[in-house]
Amino acid sequence: MSLTLQARTAADLMTAGPTSLAATATVSEATEFLTARGFGAAVVIDDAGRPVGVVTKTDVLVHARQRKPGLEPDDTPVTEFMTPAVFAVRPDTPAASVVEQLLVLNVHHLFVSDPAGVVVGVISPVDVLRKLA
């Protein structure tokens, strides 16, 4: 059985309008944000809506393990423990290139940004699977 990707571009694959965390968010806010929504990761954006990093559940767990006990609530800014790299593509990036980048970069989330650098979507392996027929 052969599967075919039923998408031409990143825009065809992406989940539009991803929710994001402000760069000013704390670890407590990030933990609540991720767990309440069932997300594994969220893009961290500046005041202009441009991505500055990604915070994952793993980032939160590593931070919690390294932190001194008894400091509740944790008001450490996410910018101190997030992954500062954001892998992004443009909406017109070919879908095959998106899949290749997910594999080569070994990431679970590829963000889609407009020409101004504002995040407009996110692509996960699940988004790719939904487009296979």
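Predicted model, so just to flag it, every value in this text is computed and none were measured.
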Q: Any chance you could lay out the side-chain contact (heavy atoms from CB on, under 4.5 Å) test for His109 and Val54, step after step, and finish with the verdict?
A: CA-CA 9 Å; His109 300 89; Val54 176; 5.9 Å; no
Q.
Does Val60 form a side-chain contact (heavy atoms from CB on, under 4.5 Å) with His63? I'd like the steps, not just the answer.
A. CA-CA 5 Å; Val60 171; His63 171 75; 5.7 Å; no
Heavy atoms only: give me the nearest [X]-[Y] pair and the separation to one decimal.
X: Val43; Y: Phe111; answer: CB-CE2, 3.5 Å
X: Ala30; Y: Leu21; answer: CB-CD1, 3.8 Å
X: Ala48; Y: Val118; answer: O-CG2, 3.9 Å
X: Val119; Y: Pro18; answer: CG1-CG, 3.6 Å
X: Pro51; Y: Gly117; answer: CD-O, 3.0 Å
X: Ala41; Y: Leu34; answer: C-CD2, 3.7 Å

Would [X] and [Y] show up in the same hydrophobic cluster when neighbours are defined by side-chain heavy atoms closer than 4.5 Å?
X: Val52; Y: Val122; answer: no
X: Val104; Y: Val128; answer: no
X: Val86; Y: Val107; answer: no
X: Leu105; Y: Leu103; answer: yes

Q) Heavy-atom count around Arg8 CZ within 6.0 Å, excluding the residue itself: above 12? A) no
Q. Do other residues, nucleotides or ligands put more than 12 heavy atoms under 6.0 Å from the CD atom of Gln6?
A. yes
(Q) List the residues meeting side chain to side chain contact (heavy atoms under 4.5 Å, CB included) with Thr79, not counting sequence neighbours, and say none if there are none. (A) Ala23, Pro77, Met82
(Q) Determine whether Thr93 and Val112 satisfy the following criterion, side-chain contact (heavy atoms from CB on, under 4.5 Å), listing intermediate values before the conclusion. (A) CA-CA 9 Å; Thr93 301; Val112 182; over 6 Å; no
Going from [atom1] on [X] to [atom2] on [Y], what distance comes out if it is rounded to the nearest 0.5 angstrom?
X: Leu110; Y: His108; atom1: CG; atom2: NE2; answer: 12.5 Å
X: Lys57; Y: Thr35; atom1: NZ; atom2: OG1; answer: 7.0 Å
X: Phe87; Y: Ile123; atom1: CZ; atom2: CD1; answer: 14.5 Å

**Q.** Plane angle bin for Phe39 and Phe33 - parallel if under 30°, tilted between 30 and 60°, otherwise perpendicular
**A.**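 Answer is perpendicular, since the angle exceeds 60°.
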(Q) Quick check: do Thr15 and Val126 have side-chain heavy atoms less than 4.5 Å from each other? (A) no
(Q) Testing the 3.5 Å rule here: is there a donor-acceptor pair between the side chains of Gln101 and Ser97? (A)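 Ser97 and Gln101 do have a side-chain donor-acceptor pair below 3.5 Å.
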Q: Just grab all the salt bridge (charged side-chain N to carboxylate O under 4.0 Å, His left out) pairs involving residues 116-132, residues at least two apart or on different chains.
A: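 Passing the test, one end in residues 116-132: Asp127-Arg130.
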Q: Applying side-chain contact (heavy atoms from CB on, under 4.5 Å), run through Asp59 and Thr56 and close with a yes or a no.
A: CA-CA 5 Å; Asp59 294 330; Thr56 67; 3.2 Å; yes
**Q.** Main-chain N/O of Thr26 paired to Glu29 side chain as donor or acceptor, under 3.5 Å
**A.** yes
**Q.** Polar side-chain atom of Arg50 near backbone of Ile45 as donor-acceptor pair, under 3.5 Å
**A.**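 No: the side chain of Arg50 does not pair with the backbone of Ile45.
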**Q.** salt bridge (charged side-chain N to carboxylate O under 4.0 Å, His left out) involving Asp12 - partner list, sequence neighbours excluded
**A.** none
